[in-house]
2 protein chains.
Amino acid sequence: MSGVTIYQVAEAAGVSPSTVSNLLNGRPGRMLPQTRKRVEEAISQLGYRPNRAARQLRTGRIQVIGLVVPSVANPFWGTFARHLEHAALAEGYHVLLCNSERDPARERRYIEELWSDGIRGIVLCSSLPSLEHVMPLVHQGLSLVAFDRTAQAGDPPSLVNISVDNVIGAQLATRHLLELGHERIAFVSGSVRSVNRRERYRGFTDALTDAGLDPQQAIVWSGASEEPYGDLDVAGLGRTAVRDLLAGDRRPTAIVAINDMCALGISAGIRDAGLEVGRDISVVGFDDIVLADLASPALTTVRQPLADMAAEAFSQLRERLTGEAAVGHSMLVRPELIVRASTGPAR
Amino acid sequence: MSGVTIYQVAEAAGVSPSTVSNLLNGRPGRMLPQTRKRVEEAISQLGYRPNRAARQLRTGRIQVIGLVVPSVANPFWGTFARHLEHAALAEGYHVLLCNSERDPARERRYIEELWSDGIRGIVLCSSLPSLEHVMPLVHQGLSLVAFDRTAQAGDPPSLVNISVDNVIGAQLATRHLLELGHERIAFVSGSVRSVNRRERYRGFTDALTDAGLDPQQAIVWSGASEEPYGDLDVAGLGRTAVRDLLAGDRRPTAIVAINDMCALGISAGIRDAGLEVGRDISVVGFDDIVLADLASPALTTVRQPLADMAAEAFSQLRERLTGEAAVGHSMLVRPELIVRASTGPAR
DNA sequence: TAGGTTAAGTGCACCGTTGCACCAGTAAAT
DNA sequence: ATTTACTGGTGCAACGGTGCACTTAACCTA
């Protein structure tokens with residue numbers, strides 16, 4: 001199929017396959033400049049490209065990392081995937097993308113398949129409290145970087161976590177609303193029991209407590225059912241949430257959303273009810289996806305520096321894969337509140 | 001590293017590696033049921049998973065297809081990637097994702113790397129008029145499905161094109177505006193010379209002509225420079241376009257956007273200028289991404305049935321790869337106009 | 001001039017699977 | 001009793017590249 005092999009190159013250049021291999025694998029000093037030139041010419045003339053499967057079989061190495069995200073249909077993950085690919089490509093790595101739909105069984109299956117593909121490094125965007133389901137492979141030697149999930153008690157030391165500080169992020173969001181005079185503030189998320197949600201919820205209640213409010217009185221909406229929601233539906237979820245909240249007896253004047261897609265859904269739900277976002281009800285998102293700035297009204301949100309975090313995730317993974325560093329350092333990024341038009345003073 | 005090989009399974013089951021291989025490769029009739037059972041038990045007990053690199057090296061086959069999109073940061077492509085992965089996974093295929101940023105050189109480089117990875121099937125979302133830069137590999141045996149690009153004169157018969165009918169789509173969009181009484185209608189796109197743009201532009205002018213308007217008088221904005229724009233910036237582009245258009249002497253009362261992200265940018269630009277979308281200026285998008293319905297006002301747009309198209313793309317590719325069908329059939333899907341709130345009567 | 005060192009390049013076993021070609025044993029057909 | 005056919009396996013070379021261990025020849029050095 002592919003055709004050209006190292007033998008053909010060797011023959012064309014009048015050397016042995018070993019010499020070609022030496023040139024290809026960073027041992028060019030082992031031959032005369034003129035030999036080297038002959039080999040290089042043969043390579044380009046024949047359009048030779050090493051067969052990766054053969055190389056991988058022999059060396060056990062492969063320049064591919066896995067990326068497991070909930071769903072690239074969510075622009076947050078799409079953007080992250082693009083940044084990660086960018087970082088990886090710069091070092092000659094490819095990225096194999098998997099959409100877990102936030103299903104631990106799929107996560108596990110994917111990771112096992114990646115393992116048997118020979119992939120030894122994975123960025124897992126899971127946010128599940130326990131990573132037990134993938135630990136067996138980690139103990140077999142899989143390098144794992146958990147993204148969007150902070151370090152948890154019981155995590156093995158080899159696990160690197162890269163995440164924004166969710167508690168602080170949610171505090172920033174909630175405080176901003178409190179400062180605007182809101183007191184009936186709702187927290188809206190899906191029903192998934194993620195580290196993420198727990199931490200953002202804590203930041204939310206912390207801020208209420210600091211302001212002298214009773215977090216027990218906080219309005220919390222977290223999905224109609226116990227079923228996990230894919231990231232695709234998270235916007236629809238927000239829309240539903242608003243319907244429920246407005247039908248209740250304690251209607252919030254402001255809403256903290258688990259993320260921007262949810263916030264956009266919430267905004268749509270508010271408009272569905274004939275109310276105005278930022279005036280009748282304030283909304284804060286989380287992530288600062290590109291669309292946050294494009295929405296109407298533009299979304300106040302908590303920014304995650306995605307490009308930097310993606311670069312860091314890849315570099316941590318690479319260091320582990322090449323053996324440069326056996327144990328990495330988790331990263332907890334301080335988020336930033338971006339105030340736009342979806343929040344306004346309480347009326 | 002990975003550990004378990006077919007030899008260990010064979011030894012545990014008391015058979016030869018060939019027998020294990022026979023079982024794994026659909027030749028279970030070649031052994032007694034009890035032998036088969038022993039092998040199966042050994043496999044599950046040892047947690048054996050075939051080494052794909054070895055298998056690929058031996059057979060030349062690999063269950064991975066490539067997907068080249070402009071950028072998964074754009075929700076349209078993210079959603080498409082997710083649908084394609086879904087279809088592929090159902091048949092045991094993985095998807096290797098690449099972001100071309102609409103750069104032909106990157107496209108080419110990616111496709112060559114995929115080829116040397118042993119990948120023989122690629123879904124290319126390119127929309128460039130000429131696919132010359134990848135033709136050498138197609139002639140070497142690469143199966144290519146071009147998505148979001150209609151068949152062009154000069155395309156080889158082996159090339160499958162799957163696309164929505166852009167001319168009809170743009171006609172639907174434009175006619176809708178004409179029916180609302182608009183006459184000063186602008187067409188906004190990036191500067192990329194894509195098949196897409198050309199066809200949508202033609203649908204746009206066709207509709208104007210049909211309505212007795214002079215397409216020469218149409219307002220066309222297609223980027224400030226000749227540089228290609230990545231899909232990331234397409235929204236920002238729309239925003240810029242509005243600034244330019246409103247500064248001109250013929251201000252449009254309605255705008256046909258090249259796609260939804262662009263339309264969302266345009267909507268933001270209209271608001272920047274203190275005008276109201278759907279009342280002062282109407283906007284029509286293209287694609288019907290999830291966010292079109294969430295936007296405020298919700299975006300009138302031309303829907304592409306992405307899930308079906310992704311399934312078709314994969315199935316065409318698979319047929320080519322397995323040799324079921326040597327030559328596929330291109331698909332031209334009829335799009336549908338979804339009227340929402342971003343369009344209203346001309347004032 | 002023997003002994004040592006270096007430069008330039010080659011030989012070969014091995015990575016894990018696959019599937020064709022082969023084989024031993026039994027049963028039915030001649 | 002020999003041939004033929006079938007069943008239930010096994011043996012082995014090959015896929016393409018890698019890199020250690022080795023050779024050969026030239027050049028130093030005491």
Side-chain angles (χ1 to χ4, degrees), chain A residues 1-40 42-43 46-64 113 115-120 140-141, chain B residues 1-40 42-43 46-64 113 115-120 140-141:
Chain A
M1 264 292 209
S2 161
V4 189
T5 74
I6 203 170
Y7 292 92
Q8 298 172 27
V9 173
E11 197 180 345
V15 296
S16 74
S18 299
T19 299
V20 182
S21 173
N22 281 335
L23 177 59
L24 259 46
N25 291 282
R27 289 180 290 272
R30 306 203 108 207
M31 67 205 72
L32 292 175
Q34 65 232 41
T35 310
R36 175 178 175 169
K37 206 179 153 211
R38 281 212 318 282
V39 175
E40 279 166 348
I43 287 177
L46 295 171
Y48 167 73
R49 318 212 74 196
N51 178 317
R52 304 239 199 195
R55 175 177 275 177
Q56 185 194 344
L57 178 60
R58 180 65 239 251
T59 63
R61 279 179 266 118
I62 180 181
Q63 300 268 92
V64 177
E113 289 191 5
W115 175 263
S116 85
D117 280 352
I119 291 169
R120 294 296 170 265
Q140 276 192 60
Chain B
M1 265 295 210
S2 162
V4 190
T5 73
I6 204 170
Y7 290 93
Q8 299 172 27
V9 174
E11 197 180 346
V15 295
S16 75
S18 298
T19 299
V20 182
S21 174
N22 281 335
L23 177 58
L24 260 46
N25 292 282
R27 289 179 290 273
R30 307 203 107 207
M31 67 206 72
L32 292 175
Q34 65 233 40
T35 310
R36 175 177 175 169
K37 207 180 151 210
R38 281 210 320 282
V39 175
E40 278 167 348
I43 287 178
L46 295 171
Y48 168 73
R49 319 212 74 196
N51 179 317
R52 305 240 198 191
R55 175 176 276 178
Q56 184 195 343
L57 178 60
R58 179 64 235 253
T59 64
R61 280 180 263 119
I62 181 181
Q63 300 268 93
V64 176
E113 288 191 4
W115 175 263
S116 84
D117 280 352
I119 290 169
R120 294 295 171 263
Q140 276 193 61

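Residue numbering restarts at 1 for every chain, and letters A, B, ... go by the order of the sequence lines. These figures come from a predicted structure and were not determined experimentally. Keep in mind that the numbers below use all heavy atoms, side chains included, and drop hydrogens, waters and symmetry copies.
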* Asked: With sequence neighbours excluded, what pairs up with B/R52 under the side chain to side chain donor-acceptor pair (under 3.5 Å) test?
  ->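 B/R52 satisfies side chain to side chain donor-acceptor pair (under 3.5 Å) with A/D117 once adjacent residues are dropped.
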
* Pairing residues for A/R36 by the side chain to side chain donor-acceptor pair (under 3.5 Å) criterion, not counting sequence neighbours ->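 A/R36: side chain to side chain donor-acceptor pair (under 3.5 Å) contacts with A/E40.
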
* Measuring from B/Q56:CD to A/L57:CG, what's the distance to the nearest 0.5 Å? ->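 Result: 10.0 Å between the selected atoms.
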
* **Over all atoms of both residues, closest heavy-atom pair of B/I62 and B/G118** =>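 Reported closest heavy-atom pair: CG2-O, 3.1 Å.
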
Can you give me every donor-acceptor pair (side chain of residues 22-35 of chain A, partner residue at least two apart or in another chain, under 3.5 Å) with its distance?
from  : atom 1 : to    : atom 2 : distance (Å)
A/N22 : OD1    : A/R27 : NE     : 3.0
A/N22 : ND2    : A/S18 : O      : 3.3
A/N25 : ND2    : A/S21 : O      : 2.7
A/N25 : ND2    : A/S21 : OG     : 3.3

* Asked: Which is true for B/R61 with a 4.0 Å heavy-atom rule: it touches a base, it touches only sugar-phosphate, or it touches nothing?
  ->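 Sugar-phosphate contact only.
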
* Hey, where on DNA chain D does chain A first and last touch, going 5' to 3'? Cut-off is any atom under 4.0 Å from a heavy atom. ->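 Listed 5' to 3', the contact boundaries are D/dG16 to D/dA21.
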
Less than 3.5 Å apart, which donor and acceptor atoms pair up between the side chains of residues 3-14 of chain B and the rest of the protein, not counting sequence neighbours?
from : atom 1 : to   : atom 2 : distance (Å)
B/T5 : OG1    : B/Y7 : N      : 3.2

What integer distance in Å separates [X]:[atom1] from [N]:[atom2]?
X	N	atom1	atom2	answer
B/Q56	C/dT17	CD	C1'	12 Å
A/L57	C/dA13	CG	C1'	13 Å
B/I6	C/dG16	CD1	P	11 Å
B/N51	C/dG16	CG	C1'	6 Å

* Sub-4.5 Å side-chain heavy-atom contact between A/R49 and B/E113 ->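 Heavy-atom side-chain distance check passes, below 4.5 Å.
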
* To do: Let me have a per-nucleotide readout for nucleotides 5-12 of chain C, 5' to 3', with B, S or -, counting only protein heavy atoms under 4.0 Å.
  => ---SBBBB

* **5' priority, DNA chain D, between B/T59 and A/L24 [closest heavy atom]** =>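 It is B/T59, whose closest nucleotide lies nearer the 5' terminus.
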
